Amino acid sequence: MISLILTLGIFFMDHTVFAQGADLPLVPRPESIKRGEGVFRFNANTELLFTDAKLGSEAGLFATLIEQLYGFRPVSKTAAASRPNSIYLSLDGNASLGNEGYRLTVSTGEVVIQARAAAGIFYGLQTLYQLMPAGKVISAEVPVVEIEDVPRFTWRGMHLDVCRHFFTKQEVFRYLDHLARYKMNRFHWHLTEDQGWRIEIKKYPRLQVVSAWRNGTRIGHYSESPERYDTIRYGGYYSQDDVREVVAYAAQRHIEVIPEIEMPGHALAALAAYPELSCTGGPFETGRTWGVFQDVFCTREETFSFLQDVLTEVCALFPGKYIHIGGDECPKDRWKSCPRCQARMKELGLADEHALQSWFVQRMEKFVATKGKRIIGWDEILEGGLAPDATVMSWRGYAGGMDAARQGHDVIMAPTAYCYLDYYQSNNPGEPLSIGGYLPIDMVYRFEPVPDALSASEGKYILGTQGNLWTEYIPNFRQVEYMALPRMIALAEVAWSPKAGKDFADFSRRLVSHMKLLDLLKVNYSKAICDVRLESLPLERSQLAVSLSSSYPSGQIRYSMDGKDPDLRSPLYERPIPIGQSAGVKAAMFDGGRRIGSVASQVYRLNRATASKVQLANPPAEEYANGGAFRLVDGVTGPIPWFGSDWLGFSGTDLDATIDLGVAQEIRRVAVDFLEDRGSWIWYPISVEVSVSQDGRNFTPVGSWTKETAGTVDRWCTIKFPPTAAQYVRIVARNAGVIPDGNAGAGRPAWLFADEIQAE
Ligand code: ACM
Ligand code: ZN
């Protein structure tokens, strides 16, 4: 995608360079497309015919989509055979189509969709819908085409956290519409949290009266201090009738709803209503801030009575196979000091609190099995031993999912680095406040749910993937759409389309054509795909070049260096721009004689270390490598809240960097920019040592810094020393190590994040 932009504009005009059918705005990409000559003319007289009365629902939903699009509603009815000017739905599909595949044949006289099951017909109709021109017409021209399509994965999911912020039933319907349009088939409904309990449980009315509400909400980012709060009472919940409506609405669209009832952690809202289910007895209030809370369900017997009652009502509401029991981020501090939990461990002969959590989850699994259902848990349920029949949702990277697959358990791969749609999708300073991280759409698209390291038989346990949308920083549904779309479409393609033929440039062309439909549906999707990315490249010692690129498949990039926003008179970007001294660059994408997307800008601060060669003793983690060691001397410092794109992240290991300044020179100051965001497991280093050398072999310490003497830390760590001649500078920053109890990610390796080293 990078830097092909100028030529793509030309390719875009010439259909011969596309793969067969790649110019059709179809997302996700079908397995096989054969284009023909001519068009089918869809008009108010076109009938929707189906052989089997049970396809009436699929036909009716399609008729409604057409009515929204064109203002006329096609007649839909059963028929024994197709007729001219009809869309004919038939369950006589080939066995190879499976339960979800379809064959769509558009000819000039009629359209036929064949499948084995109603789901396949539904997906065939979604494809047909995407082939319809977006915008009011009397007669819609649909290109003659033959499409055969079968999904790659059976689990194509989206999650929505309705606890941190609450979304109405109608908003959930609209979310489900988005899933259905892209052939996603699982809705993971995150219903209980520290900050709110959102499902009516008749036996426990205080869940509605107390747990569904909080007396205020954290303002700004979780890493900010001092903490700020509003005092607005906030909350809401879905009645059991609401839940039944959502489940039915989803089922019509071939989406299974998976409710998540969190245990043993993320339970503060429930404890606020029923403090007797905690280790300490409380009192508690429903959470007003984010993060991980120490108070969790106690392993006392009352907790199990409560959770079993809750799950009895939940299982009756959700006809699907799965119940998600959470299991993530459960601090063990309270259990360690609770006489009942300790007695429980002793009685069961359990080695530690992880084994206690494992026992907890296994007990719940047995109960859920009595209702004919299976549990899913976040990958923490691996710790202390997996429940025998559990499916693992791998979020803290691939490792948990790989481990589970090797143990013969089903897995849903949803690693944060590719599937967390609450992360920033653009480096643009105008982005709404987000939790952090950086996940642009091309990175979502690159995601491969089945790691190469798994054997073919282990890989079969990967059921698929899903996007997770946590809503601490997503206060309204417009922003849900903004964060979910279009990244969800990229993930839908990962989940549906064949692995072979994956091509981001091709995807982005289809997506941009498809966006006309999103505009028509008034979807508040992000236009980050139109953004320009600025990337510095080493030119020569102390000199940079800035390359500009975009995922947008046509148009021109223009830039300015005078501080003003670029306009149509600004220079056209043709090749990397040399930067000889500290400077700012602004850039934007232009198409059709106007700016599209927003203005990207970056300041470059040059110093003696800029563009030098850097050797790292330990590599950064793959997902936070960001192009490697050069990132540390690229003249750019990452913003706060952090986006990830400019940071190197080391998981549990030290930053150990040796910079070759090229020639010996006198230096007196080294500064390193570190990040601390403990909510995201990112800790400031505990010490930083600087040493210098003339030959690259013998190093002399010149200065150091330790956290003990420094008190609070805020990004730049500056170490000054008497002027010293050196060609090599070595910086060793010690990782904080294992995250202490009582913090997010306790017991896991801390991240060390650095983004820039300066020498003067
Ligand atoms: C999670 O993101 N805590 C599963
Ligand atoms: Zn306890």
Side-chain angles (χ1 to χ4, degrees), residues 24-27 30 36 38-93 100-149 173-174 176-183 248-255 513-514 516-523:
L24 299 176
L26 295 177
V27 280
V39 294
F40 172 79
R41 288 179 211 284
F42 186 102
N43 57 36
N45 297 323
T46 305
E47 291 177 317
L48 266 167
L49 306 178
F50 43 94
T51 46
D52 191 318
K54 70 177 184 238
L55 296 177
S57 161
E58 285 67 29
L61 287 175
F62 184 74
T64 303
L65 293 179
I66 294 302
E67 193 174 5
Q68 285 167 356
L69 210 53
Y70 302 136
F72 59 80
R73 185 181 177 89
V75 169
S76 66
K77 58 185 183 195
T78 52
S82 76
R83 285 205 281 269
N85 197 18
S86 74
I87 295 170
Y88 182 67
L89 313 178
S90 165
L91 290 175
D92 67 348
E100 294 189 303
Y102 65 91
R103 183 188 181 95
L104 165 66
T105 312
V106 180
S107 45
T108 52
E110 61 172 12
V111 175
V112 177
I113 299 177
Q114 295 162 289
R116 303 285 293 172
I121 297 289
F122 182 78
Y123 296 133
L125 286 166
Q126 297 312 309
T127 299
L128 178 61
Y129 178 58
Q130 292 190 1
L131 288 172
M132 300 275 181
K136 284 257 185 300
V137 289
I138 307 278
S139 166
E141 296 192 347
V142 184
V144 166
V145 68
E146 196 175 302
I147 292 175
E148 210 170 290
D149 204 9
F173 290 165
R174 188 164 159 101
L176 291 168
D177 290 342
H178 295 324
L179 270 67
R181 198 178 307 117
Y182 305 104
K183 305 184 174 75
Y249 191 95
Q252 276 191 316
R253 288 154 185 80
H254 299 277
I255 297 168
S513 306
H514 172 76
K516 289 188 200 84
L517 178 62
L518 296 182
D519 287 329
L520 200 83
L521 298 174
K522 298 197 165 47
V523 179

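Note: hydrogens, waters and symmetry copies are ignored here, and every other heavy atom, side chains too, is used. Keep in mind it's a predicted model, so treat the numbers as computed, not measured. When a residue number appears, it is its place in the shown sequence, counting from 1.
Under the side chain to side chain contact (heavy atoms under 4.5 Å, CB included) criterion, R103 pairs with L97, T105, Q114, E146, E148, not counting sequence neighbours. Residues satisfying the ring pair (Phe, Tyr, Trp, His ring centres under 6.0 Å) test with F42, not counting sequence neighbours, are none. With sequence neighbours left out, L517 forms a side chain to side chain contact (heavy atoms under 4.5 Å, CB included) with L69, Y129, A134, R181, H514, L521.
Separation of the F173 and Y249 ring centroids falls under the 6.0 Å cut-off.
Going from atom OG of S76 over to atom CD1 of I66 covers 11.5 Å, rounded to the nearest 0.5 Å. The distance from atom CZ of F62 to atom CG of L55, rounded to the nearest 0.5 Å, is 13.5 Å. We find the CD-CG distance between Q252 and L176 to be 11.0 Å, quoted to the nearest 0.5 Å. Between the CG atom of L91 and the CD1 atom of I113 there is a distance of 11.5 Å, given to the nearest 0.5 Å. Note that OG1 of T78 is 11.5 Å distant from CG of L89, once rounded to the nearest 0.5 Å. Rounded to the nearest 0.5 angstrom, S90 OG and L49 CG are separated by 11.5 Å.
Judged as a salt bridge (Lys or Arg N to Asp or Glu O under 4.0 Å), the pairs with a partner in residues 61-84 (not counting sequence neighbours) are, in order, E47-K77, E47-R83, E67-R73. Identified under the salt bridge (Lys or Arg N to Asp or Glu O under 4.0 Å) test for residues 120-130, with sequence neighbours left out: none. Among residue pairs with one or both ends in residues 126-144, those qualifying as salt bridge (Lys or Arg N to Asp or Glu O under 4.0 Å) are R41-E141; sequence neighbours excluded.
Looking at every heavy atom in both residues, V144 comes nearest to V39 through CG2-N, 3.7 Å. The minimum heavy-atom distance between A140 and P133, with the atom names listed, is CB-CD, 3.7 Å. Looking at every heavy atom in both residues, L520 comes nearest to G135 through CD2-N, 3.7 Å. In this structure, P30 and D149 approach most closely via the heavy-atom pair CA-OD1, 3.3 Å. When all heavy atoms are compared, the tightest approach of A80 to Y88 is O-OH, 3.2 Å. Minimum interatomic distance between P25 and S513 (heavy atoms only, all atoms of both residues): CB-CB, 3.6 Å.
Contact annotation: the side chain of V142 never approaches that of V111 to less than 4.5 Å [non-hydrogen atoms, C-beta and beyond]. Looking at heavy atoms from C-beta onward, Y182 lies in side-chain contact with Q130 at the 4.5 angstrom threshold. Contact check for I147 versus L26: side-chain heavy atoms found under the 4.5 Å cut-off. Residues N45 and V75 are not in side-chain contact: their nearest non-hydrogen atoms beyond the backbone lie 4.5 Å or more apart. You'll find the side chain of T127 reaches within 4.5 Å of the side chain of Y102, heavy atoms only. A 4.5 Å side-chain heavy-atom check between S107 and F40 finds every atom pair outside the cut-off.
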For E110 and S86, run side chain to side chain donor-acceptor pair (under 3.5 Å): C-alpha distance rounded to whole Å, both residues' side-chain angles, the deciding distance at 0.1 Å, then the answer. CA-CA 5 Å; E110 61 172 12; S86 74; 4.6 Å; no
Using the rule given for side-chain contact (heavy atoms from CB on, under 4.5 Å), can you reason through F50 versus E58, listing the C-alpha separation, both sets of side-chain angles and the distance that settles it, and then say yes or no? CA-CA 10 Å; F50 43 94; E58 285 67 29; over 6 Å; no
Kindly indicate, with the supporting measurements, whether the criterion side-chain contact (heavy atoms from CB on, under 4.5 Å) is fulfilled by I138 and N43. CA-CA 6 Å; I138 307 278; N43 57 36; 5.8 Å; no
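Taking a cutoff of 4.0 Å between a charged side-chain nitrogen and a carboxylate oxygen, R253 and D177 qualify as a salt bridge.
Of the residues L125, L131, V112, the one that meets the side-chain contact (heavy atoms from CB on, under 4.5 Å) test with L104 is L131.
With no hydrogens or angles considered, no side-chain donor-acceptor pair links H254 and E100 at under 3.5 Å.
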